[in-house]
Amino acid sequence: MQRSILAPGALAAASVLLAIPASAAGFTPGAPGIGDPYYPAYGNGGYDVSHYDLRLKYQPATDELEGTATLLATTTQDLSRFDLDFLLDVSEVRVDGVRAAFASTGEHELQITPRKALPKGAAMTVVVRYKGVPSSKQAYGFTSWHRTPDGGVGANEPESAWWWFPGNDHPLDKATFDVSVQVPDGTQAVSNGTLQSTSSRAGWTRYNWRSAKPQATYLATLAVGRFDITTGTTESGIPVVNAYSTALGDDAGAARASVERTGEIADWLSGFFGPYPFEALGGYVPDTTTGYALETQTRPYYSPRQFASGSNTSVVVHELAHQWYGDFVSVAGWKDIWLNEGFARYAQWLWSEHEDEGTAQELADYVYASHPAGDAFWTVRPGDPGPENQFDAAVYDRGALAVQALRNAIGDEAFFTVLKGWPRQHAYGNATVADFRQYAERVSGKRLDALFDAWLFQPVKPQAPAARTASPAAAPVAPRSWKKIAATNGVHTR
C-alpha cells in the first residue's frame with residue numbers, strides 16, 4: 001500500500017473541489033428527447049431503463065388512476081437532471097431513496113432533479129407516486145387513453161404510456177415489466193405477459209402481470225373493464241389468454257371466432273418467422289369505439305369494429321406477425337416503420353395464400369395495377385414516409401409490394417431464409433431499414449440497393465411491377481381476401 005501525503009495547500013484545494021456541486025463539474029441534464037427526428041420530444045436522454053414495476057389502483061366509475069412506478073435504470077452520461085414522459089399529476093419523486101425535485105414541462109415532460117448528480121454508468125432507482133384521470137389529459141391535441149363504459153384502455157402508437165405510467169417512451173429503450181393493478185371486484189385488469197397471481201380483499205381484486213422479455217413502452221397495455229376471459233395453450237406449449245368485453249353485442253361471435261384462433265395462427269407464423277419469441281400469447285377486445293388494432297406485446301388490442309362485418313382472422317395475422325416484426329425486433333427510429341408494417345401486411349398475403357383466397361403474387365399484382373402512376377399512393381415513401389404518413393395505407397400496401405419485389409429478386413429459398421433469420425439477427429433489439437437491406441444482401445449474395453430505392457424511397461411508381469401484371473386494358477380483379485386485408489389499412493390511425 002502506498003500512502004499519498006498532501007501539503008496543506010493541496011489539501012485545501014482538494015476540499016474546495018469536493019464542495020463544488022457535481023452539476024458544476026461536468027454533469028449535465030439528459031436530453032428531453034431521445035433524438036428521433038419524427039418525434040423530437042419523445043423519449044429522453046441520459047439513462048436507459050431495464051425494468052418497470054407499476055403498482056396501480058383504478059376506479060372505473062370515475063376513471064381515476066393512482067399509482068407508484070418504480071423504474072430501474074442505468075445512467076448513460078454524467079447526469080444532473082433527467083426527464084420522464086408523463087401526463088398525470090405527480091405527488092412525489094425519489095431517486096435512490098431520496099426525495100427529488102420535479103416539475104412538469106412542455107407537452108408531456110416530467111423533469112426530475114436528484115439531490116445528488118449521478119455519474120455515468122450508475123444504477124438508478126426512480127420512484128414516482130401519482131394520481132389522475134387519464135381521460136382528462138391531452139398532449140398535442142389528442143389522448144391515447146380510451147374511456148369505456150366499464151373502465152379504460154391504454155393502447156396507441158407511437159405513444160400511449162404517458163396516460164398511465166411514466167417512462168422513457170421510445171422503442172430504443174426496451175425494458176421488462178411488472179404491472180400490478182387493483183380494481184373493484186367484478187372488474188378485470190388485463191395487461192401484457194403472464195398473469196402471476198390474483199388476490200381479493202375488501203371489495204377489491206389485484207391482478208399481477210409480468211412481461212419477462214424486453215418490451216417497448218408503446219407496446220405496454222392496460223385494459224380495465226368487464227371481460228369474459230378464455231385461457232388455453234398453443235400446440236407449441238405457449239399459454240394463451242384472451243379477453244372479450246361483455247358488451248360486444250352483435251360483434252361478440254365474430255370477435256371470438258377470430259381471436260380464439262390466436263394460438264393456431266401464431267404456430268403457423270412460426271413456420272415463416274421462427275419460434276415464437278415471448279412467454280405468452282393472446283388478444284383482447286374491449287368496449288371501445290376506435291377503429292384500429294395494435295400489436296401490444298403478447299396480447300394485441302382489437303377494436304370491436306374490426307369484427308363488425310364478421311370474423312376477420314386477417315387482422316389477427318397482422319397483429320401477431322408484429323410480435324416478430326415490430327416487437328421482437330423493433331424500429332431504431334420511427335422512420336423505419338416499414339420493418340413493422342410492410343412485413344405484417346405481407347403476412348396477411350401469406351395467410352391469404354394459406355386460406356386459398358389469393359396468392360401473394362396475385363395480391364401484389366392487384367395492388368400495383370390498382371394505383372396508376374399519378375396516384376398519390378406512390379408519393380408516400382415506405383422507407384421514410386415522414387410522421388404525417390407514418391401509418392398511411394401506402395406504408396402497408398406499397399410496403400408489402402416491396403417485400404414481394406424482394407422475394408422475386410432473390411428467389412424463394414433466400415427470401416424465406418431472410419424472413420426467418422432476420423428476427424434472430426436483432427433479437428429483443430432494434431434495427432433500421434438499412435440494416436435489413438444489408439442482411440438480405442448478405443444472405444442472398446445480391447446487391448439490393450437499387451431495388452430498395454425504387455420500392456421504398458422513390459416518390460414515383462416503379463417502372464416494373466413486383467412481377468406479372470394484368471393487361472393494362474383489363475380492370476384489376478381483387479383476390480377474395482382483399483376486402484378483409486384492406487379493412488386493416490387504418491389499423492393504427494389515431
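No hydrogens, no waters, no symmetry mates; every other heavy atom, side chains included, goes into these values.
A search for side-chain hydrogen bond (donor to acceptor under 3.5 Å, both in side chains) contacts involving Q390 returns Y39, not counting sequence neighbours. Applying the side-chain hydrogen bond (donor to acceptor under 3.5 Å, both in side chains) test to H426 and every residue at least two apart in sequence or in another chain returns nothing. In terms of the side-chain contact (heavy atoms from CB on, under 4.5 Å) criterion, residue partners of E353 (sequence neighbours excluded) are, by chain and number, T359, A360. The side-chain contact (heavy atoms from CB on, under 4.5 Å) test applied to A347 returns L269, F273, V317, A321, not counting sequence neighbours. The ring-ring contact (aromatic ring centres under 6.0 Å, His included) search around Y47 returns F82, not counting sequence neighbours. By the salt bridge (Lys or Arg N to Asp or Glu O under 4.0 Å) test, R437 is found to be paired with E441, residues two or more places apart in sequence or in another chain being considered. When the salt bridge (Lys or Arg N to Asp or Glu O under 4.0 Å) test is applied to R381, no partner is found at least two apart in sequence or on another chain. Judged as a side-chain hydrogen bond (donor to acceptor under 3.5 Å, both in side chains), and not counting sequence neighbours, the contacts of T221 are Y284. For D78, there are no side-chain hydrogen bond (donor to acceptor under 3.5 Å, both in side chains) partners two or more places apart in sequence or in a different chain.
Annotation: salt bridge (Lys or Arg N to Asp or Glu O under 4.0 Å) contacts involving residues 264-283, sequence neighbours excluded, comprise R261-E264. Among pairs with a residue in residues 409-423, those fulfilling side-chain hydrogen bond (donor to acceptor under 3.5 Å, both in side chains) read R407-D412, at least two apart in sequence or across chains.
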Side-chain donor/acceptor pairs under 3.5 Å, residues 323-330, sequence neighbours excluded:
from, atom 1, to, atom 2, distance (Å)
Q323, OE1, T298, N, 2.8
Q323, NE2, E295, O, 3.4
Q323, NE2, E319, O, 3.3
Q323, NE2, D327, OD2, 3.3
W324, NE1, G274, O, 3.1
W324, NE1, P275, O, 3.2
Y325, OH, L419, O, 2.7
S330, OG, K174, NZ, 3.0
S330, OG, G326, O, 2.8
S330, OG, D327, O, 3.3

